[in-house]
Amino acid sequence: MASVTARRALRDRVRANRAASAERRTVAKAARRVRTGPRSLATHVIATGADAATVKGVVKALQTAAKTARTNGLKGKRARIRRSFNGARNVVKTVYRYTREQIAQIAAQYKPRKPEYKAVRAALIAA
């Protein structure tokens with residue numbers, strides 16, 4: 001029976017290491033992408049290394065701040081993408097992509113309350 005528990009422990013450790021490695025690769029890939037050109041708000045937030053729930057919350061808040069910034073003259077690069085939306089396929093959506101400097105300006109307008117969100121805001125402004 002010891003071999004069964006040993007195999008289970010090894011399998012669990014391999015699974016955990018693989019998940020951690022995938023998370024590190026995702027963060028590193030996003031960080032590399034934001035250095036090369038305009039990217040989405042989500043890519044910039046992922047590059048800070050935040051977890052998925054924090055990314056989702058910060059991105060929604062930054063989208064609101066970006067909308068305000070666009071009316072005040074901050075223009076992101078517009079792109080048109082096709083995606084599934086409300087069950088309809090190939091719906092054309094307009095998205096905006098921002099440079100690191102533009103993200104820093106948007107994040108400066110964003111005033112979060114949660115400590116995790118404040119940490120992400122500080123990382124976005126510093127980048």
Distance-minimising heavy-atom pair for Val27 and Gly49: CG2-CA, 3.9 Å
Side-chain cluster (under 4.5 Å, hydrophobic types only) that Val34 belongs to, other residues: none
Within 6.0 angstrom of Lys111 NZ, more than 12 heavy atoms from elsewhere: yes
Residues forming a side-chain contact (heavy atoms from CB on, under 4.5 Å) with Ala119, sequence neighbours excluded: none
Inter- and intrachain pairs under side-chain hydrogen bond (donor to acceptor under 3.5 Å, both in side chains), touching residues 51-75, at least two apart: Asp51-Thr54, Arg70-Tyr98
Side chains of Arg121 and Ile125 in contact at under 4.5 Å (non-hydrogen atoms): yes
Set of residues satisfying side-chain contact (heavy atoms from CB on, under 4.5 Å) with respect to Lys118, sequence neighbours excluded: Pro112
Residues in side-chain hydrogen bond (donor to acceptor under 3.5 Å, both in side chains) contact with Thr94, at least two apart in sequence or another chain: Arg80
Sequence neighbours excluded - side-chain hydrogen bond (donor to acceptor under 3.5 Å, both in side chains) pairs with any residue from residues 6-27: Ser21-Arg25
Spatial distance of atom NE2 (His44) from atom OG1 (Thr99) [nearest 0.5 Å]: 7.0 Å
side-chain hydrogen bond (donor to acceptor under 3.5 Å, both in side chains) involving Thr48 - partner list, sequence neighbours excluded: none
Trace of the side-chain contact (heavy atoms from CB on, under 4.5 Å) decision for Lys77 with Tyr96: CA-CA 5 Å; Lys77 182 179 177 184; Tyr96 293 91; over 6 Å; no
Co-membership, hydrophobic cluster, residues Tyr110 and Leu74, 4.5 Å side-chain: yes
Approximate separation, where rounding is to 0.5 Å, of Gln105 CD and Arg100 CZ: 14.0 Å
Qualifying residues under side-chain contact (heavy atoms from CB on, under 4.5 Å), relative to Ile81, sequence neighbours excluded: Arg83, Lys93, Val95, Arg97
Lys29 NZ to Thr43 OG1 distance, which is reported to the nearest 0.5 Å: 11.0 Å
Approximate separation, where rounding is to 0.5 Å, of Ile103 CD1 and Leu62 CG: 6.5 Å
Residues in side-chain contact (heavy atoms from CB on, under 4.5 Å) contact with Arg82, at least two apart in sequence or another chain: Asn90, Val92
Whichever hydrophobic residues join Leu10 through chains of side-chain contacts under 4.5 Å: Val14
Gap separating the CZ atom of Arg33 from the CD1 atom of Ile46, nearest 0.5 angstrom: 9.5 Å
Nearest heavy atoms of Tyr117 and Gly57, plus distance in Å: OH-CA, 3.4 Å
